[in-house]
Each structure stands twice: as structure tokens, then as C-alpha cells.
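Report on the structure given below.
Chain A is the first sequence line, chain B the second, and so forth, proteins listed ahead of strands; every chain is numbered from 1.
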Amino acid sequence: MAGNFLPAAKLTASGRPVLDSGEVECSLLSTVDLHSEDLLAFPLLKSGLLILTTHRLLWLSSDSNTPTAVYIPLSTIQHIFSTKKSIKSMFHSPRVRFQVSTTPEGHVSEKGLKSLVITLILRGKTDIDSFLGKFWDAWRGRAWETSGSATESGPGSGSREGSESLALKVPVVGVSGILRKEQEMWESTDKSLQDAFQDLNALMSKAKEMVVLAERMRLKLLSGSNNQTSETNDDDMGTKEEMQDWLLSVGIASPVTKESAGALYHQQLSRQLADFVKKPLERAGGMINLIDIYCLFNRARGTELISPDDLRQACSLWEKFDTPVMLRKFDSGVMVIQNKTHSDDEVFSRIRSLVLKPDALRTGISASDAAMTLGVAPAMAKEYLLAAEGKGFLCRDVSSDGFRFYINLFPEISPDDRYFVKDHGIYSMWISAVSFRLAFFTDYKEVGKSIFWTMTVDFMENKLPSGCQIYSEAYKIPELFFFL
Amino acid sequence: MQTLGEFKLPHFFNYPPYFTLQPVRDTREKQIQLWKELILDYCRTQKVFVIGLDEDFQLFSNPTIERSLSHEAREAFLSALVSEGRAEWLDKGHRKCLILWHRIQDWADLILHFVKENGLEDSVMTVEEIRSGVESRGTELHGMDRTILMRALKLLEHKGKLAIFKGTSADDEGVKFSI
């Protein structure tokens, strides 16, 4: 609908805008209307989320059914009108007006010769002055010009001269002339303030260079490893991968901060987190500990760290959005993040096949055994085992040997006859797995010899595939050694 | 298959989780059921009347797999028997438990049967005689727990089948049957 006039913005799966490289969010405002009084055909965009970045002004509809996301490149803005303080303005919602250049048809475009005044109506309880300040800073910062050279896709692959010369063409007559003069005056007073902060800005721009440098190194490493995988030795590859990992985890260029998002903080953080966890989740096999994510996420954020409580709130907000991930709390209280598609059944069946191995039938499995098979952390493996126990697949054995899990035989035991063993069941499997060993260790003196001899005969007649093992077990017993 | 004395143990006696009190409800119920039956059968065949929780009780540990029941587990299994009327705590601290593989009513019936078998309908016996006399030899009454015997006799007295009186010796009581 707005596509005719304003370009559409790309969104991530969780509804966060996709930012260009080097683009950083500056401010977020909720319930903002966007429209233009100059052009009747211009759509009225009502009550959406306004995101100010260093490059763009994005407007996202709050209605999740019909997601609309549009943006105005800051490079097309010719002028931001300062707000008039009047009695009238105290009674209606604060407005911010600015002028953008458009094509003759009304499309917002940098090279457009016509211009259009767009009004933002801030309906929420927001500090209009601070937003206006950030708006000015972002517009004057001209961040799109510095990153524009690095990425061609930047919204304002910017001809500064173009907009400058356009600005010069604006005649210094009429109402707009007066406005412009006022603006210039305001700017000159502001300049002295700017000088005071110059040092700080210098530092900021250096930081940006560092990020660009890191990005370049990463690309170089990537291309390097693609071209000459065969030549590089393992050690080299290792360090390269490490370096890449490190650079990747430096990560989130534009973290959602309390400062930029204000009241929308948790909501936005939640969406950002949903996007972030995708990769670590894939690597961890569909489920990851909340604590691990906390570490990874904060490392990616760099200095804008979040508190554990913020993380939990962000996760619990996922229920309200349509995100592919969810927060899950185990009975033990351990919290994990998992894909909605992730199913426990698959994990349970793997655990089941693990506990049915002859060794596991005999001695059970520990959390670390399960961790190795499932390829997850021992703490996670324990949660899985406990969940499987809760479902009745496993049962526990707590002794001086530690905490171990066995296949649950209780349902297999006949309630009427405790000596009854069904053929070919799990119970009979278990009995055959343990019986040899027990026979040897309990009264091997009497029984052992006869069992041993029958087995040896079986073994010689090739009836017993695992005969070798029994043979070696028998070897350890002195009485039997005599017979060997 | 393992044995404890003459008692034949089931296979699952070597299953380590059998000796750990299971936390999951369904599993635990089955485990308790199996333990209850095993305890009753073992006590019946081995003539065990009282189980002391802090004492060594053969059934509660399995040296072959190096497992034994915790105090909590022992108490849980015995409490399950108590709640079914197949056992009674002898003290408030739940340290000693009386096992009733026959209920008191069944013991009373056994006594009546014994009296009729031996033609003792109108005779007098001491309590000790019932437990260890020649007449009771070879019956289930022989060597039975005195507490249980007294409880069964009191039940019969209540029904008017006999009268208990203080005997000549200080520590024994007499029973006059009147069936």
C-alpha cells in the first residue's frame, strides 16, 4: 500500500528490521502515525513502531496480521522542521515534520526534484525533544555515506553533493526561507556545542573503523579458506576458524539497548534474541541451556550487556510473538531454549537404544554417557534422562557408584507371578545380559565350572558368537584357570 | 537364580533400580507392589514376624550387586504394608514393624481350627503352650509371635469363644476355650 511512495523494508522472521552493515538503531517509538498533508494519495500509516537508525527512518505496522514495513532513507531528507512551542501544541500529540525529496510521481528518492513534507505524530508518551535530538544527530551524522562506499546496497549510496546542491537551490524566500534562516541560526549555536564533543565523536568514528577492519579481516579469511583449503595445514586452519568464530561472535552491530528502545526494550530484545539464537541452536542440536545463551548473547553484544532478568523476560515474551523458538522449563527448574519443531521423542528413542545395549543393561548409564551419545552437555543430558524417567522409559539407581539410569523394567514384571519371564521381552534381554556375570561372581565355585564347560562346548561348536568374551572372563577366575 | 536360605529370589532382585526408591509415580507404585509381596512371602516362609528398620535384614540388601535399601525406602515399603493392614508399627518412631502375613482375623481362624483339630474345645491351655507346645508342632501356630497371638486371642475372647485369665506363674496367662 505504501510501497508506491516509500520503499518496503526487509524484516527478519521474528519481525525485526534487517539492518545494513554499519547501520545502528538510535531510537524506537511506539504508536507513531506517519502521513503527509501535501499529497492526498499518500497513505495514512497509523499507530506503528518507528525505528530511527543511523541510515533510515523505519515504520513497522503493529498489526501482526498484515505486516507492513516501510522506510525513508535519511539521505532523502532535505530538512527537519523544528517544533513550534505553542499553547496549541500542548493539547495535541507532538508532531515532527520533515521534508524529503521525491520524484515527480511522489516516490521518495534522493535524486527527486520535488519535495514533500511528511509528518510524524507521536501518540505515545515520548520525550519529543530527545527524539528530535537523535533524529538530528542521525541525519547530520551522514552514516550512510561512510558505509555506502563499503556496501553498494546501502539505501543512500550517497551523492552528498546531490542533496547539498539541492539544498542550496531552496530559495530563501517565503515561509520556507524564514524557516531555513531560523534553522541556520540554530545550527550555528549548536556548532559550538558540537566542538565540545568532538573528542568523543572522534573516538566513535575510530570505533566504526575498527568494526570495518574486523569485517574486512573476516571476509579475507573466508575467501582465503575457500581458495586454498587443500594447501593450508590443519594448524593454520584451526587458528583461522578460531579467528572467524571470534570475529563472528563480535557480532551484533546494533544491539537493542534500554536507551534506544525505552519502553519497547524487552519486546525488541525478545525479537532480536529470537534471531540470534538460531545459529547456536542449530549447533547444539535443537536445544540449548539458557545460561549458555546468556553468555553467547552478551558476548555478541559487546558492551551493551543485558542482565539475566532481562534475558528471561525477553524469552518469556516469545509466547506472544510468532517466533520459531521457545523457552522451556524442566521440572528440575533448568531453563532451556529450543526450536518449536524440536521433538523429545527423537531424543528419547536415542536414549532408549542406548540403555538397551548389553553393557548399559548391566550397569546403566550416567549423564555423561548420555551426553557423549547425544552430543550435548552433561547437564542437558541429565535433563533429558530425567524427562525420560518422568515418562516412564527409565528408572534410577542411586548408590555409591553414583547416579545411574536403567531401562524401566518394572512394567515388564508380571504382577501375578514374580518369577515369570516373558520370552523375547526387555526383561528376558536384561536377564541374559546380567546372568553370566552374576553366575561367575556369586557362586562361581559350584556353578561356574559347569556353565563354563557348556559354554566352551557351545563356543567350540560356534554356537556362541560372544564366546570369546566369556572365555576371557573365565580366565580371570583361578579355579577355572586350572581347566584352561 | 539366587536364593536367600531356602527362599527363591526373583530375577529383579539383581536389578539395581529395585533398591532405589523411584520418584516417578507409576514406577514407584509398581516397585512398592513388588516389594510388599516379596516382604510378605519372605516373612511367611522364613517365619519373620518383626522387622527392625535399623537392624540388618537380609532381604533389604543384595551383596551381589552391592545395593541396599535406604532407611527412607524401607520405611516407605513397610508403611505401604501398614496402610493395607498387612503390618503394624510397634513404636511411634517407626523403628520396628510387625509383619502380618496372616491378618489377625486369619490367625484367630487358625487358632479355632487348631483347637477343633485337637479336641481342645473345653480345655485350658497357657499362651506359651499354644506357641511352643507339642500340640501345635507342625502347624503355623508353632513359634508364632506372642504379640500377634495375644491379639488373635483377644479377638476370640471378644467374640466369646474363649476367656483369658492370669495364670499361677506371674509371666504367663491361661486360656479357657469354650467353643
Side-chain angles (χ1 to χ4, degrees), chain A residues 331-332 355 360-366 385-422 425-444 446-447, chain B residues 1-45 58-77 80-81 84 86 101:
Chain A
D331 295 338
S332 63
V355 290
L361 281 174
R362 224 165 25 226
T363 60
I365 55 167
S366 65
L385 290 173
L386 289 171
E389 184 195 32
K391 295 247 174 200
F393 298 140
L394 301 179
C395 47
R396 66 175 64 184
D397 164 39
V398 185
S399 73
S400 50
D401 296 354
F403 195 159
R404 304 185 73 82
F405 287 91
Y406 285 75
I407 186 83
N408 187 2
L409 290 180
F410 287 107
E412 307 289 322
I413 300 165
S414 159
D416 309 314
D417 177 9
R418 76 175 77 103
Y419 303 105
F420 175 72
V421 181
K422 200 172 71 184
I426 302 170
Y427 193 25
S428 68
M429 249 170 86
W430 172 79
I431 290 169
S432 58
V434 295
S435 57
F436 291 149
R437 210 184 168 83
L438 288 173
F440 279 124
F441 282 110
T442 51
D443 26 29
Y444 62 84
E446 293 81 25
V447 195
Chain B
M1 204 170 289
Q2 268 178 288
T3 53
L4 264 186
E6 282 154 29
F7 187 72
K8 199 169 90 170
L9 288 166
H11 286 290
F12 57 78
F13 199 68
N14 285 325
Y15 178 52
Y18 187 58
F19 286 86
T20 298
L21 194 56
Q22 297 299 318
V24 179
R25 218 190 77 215
D26 288 350
T27 316
R28 190 191 188 114
E29 275 172 14
K30 183 69 184 270
Q31 185 191 21
I32 289 176
Q33 185 61 35
L34 292 171
W35 266 109
K36 280 193 305 198
E37 287 167 12
L38 195 72
I39 292 170
L40 285 181
D41 276 3
Y42 179 79
C43 290
R44 176 165 46 231
T45 54
Q58 270 195 312
L59 197 65
F60 286 167
S61 55
N62 184 350
T64 315
I65 56 167
E66 294 170 344
R67 295 289 185 278
S68 60
L69 286 182
S70 66
H71 187 91
E72 186 201 1
R74 293 171 194 219
E75 191 170 332
F77 300 142
L81 281 176
E84 270 187 15
R86 305 310 298 265
W101 65 80

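Using a 4.5 Å heavy-atom threshold, the side chains of B:Glu37 and B:Leu40 count as separate. Residues B:Leu21 and B:Ser70 have side chains not in contact (no heavy-atom distance under 4.5 Å, counting atoms from C-beta outward). Taking 4.5 Å as the limit, some side-chain heavy atom of B:Asn14 sits within range of a side-chain heavy atom of B:Thr64.
Heavy atoms of B:Leu34 lying under 4.5 Å from chain A belong exclusively to its side chain. Both the backbone and the side chain of B:Gln31 come within less than 4.5 Å of a heavy atom in chain A. Proximity to chain B (any heavy atom under 4.5 Å) is shown, for A:Phe420, by neither the backbone nor the side chain. With a 4.5 Å cut-off on non-hydrogen atoms, B:Phe12 touches chain A through its backbone and its side chain both.
Checked against the 6.0 Å centroid threshold, B:Phe60 and B:Phe77 do not count as a close aromatic pair.
Per-residue counts of heavy-atom pairs under 4.5 Å with chain B were compared for A:Glu389, A:Lys391, A:Glu412; the largest is that of A:Glu389. The candidate from B:Gln33, B:Arg25, B:Gln22 with the greatest count of non-hydrogen atom pairs under 4.5 Å with chain A is B:Gln22. Contact tally against chain B (heavy-atom pairs below 4.5 Å) for A:Pro411, A:Ser400, A:Cys395: the top residue is A:Cys395.
Judged by a 6.0 Å distance limit and a 45° cone about the ring axis, B:Lys8 is positioned over the six-membered ring of A:Tyr419.
A salt bridge links A:Asp401 with B:Arg67: at least one charged nitrogen is closer than 4.0 Å to a carboxylate oxygen.
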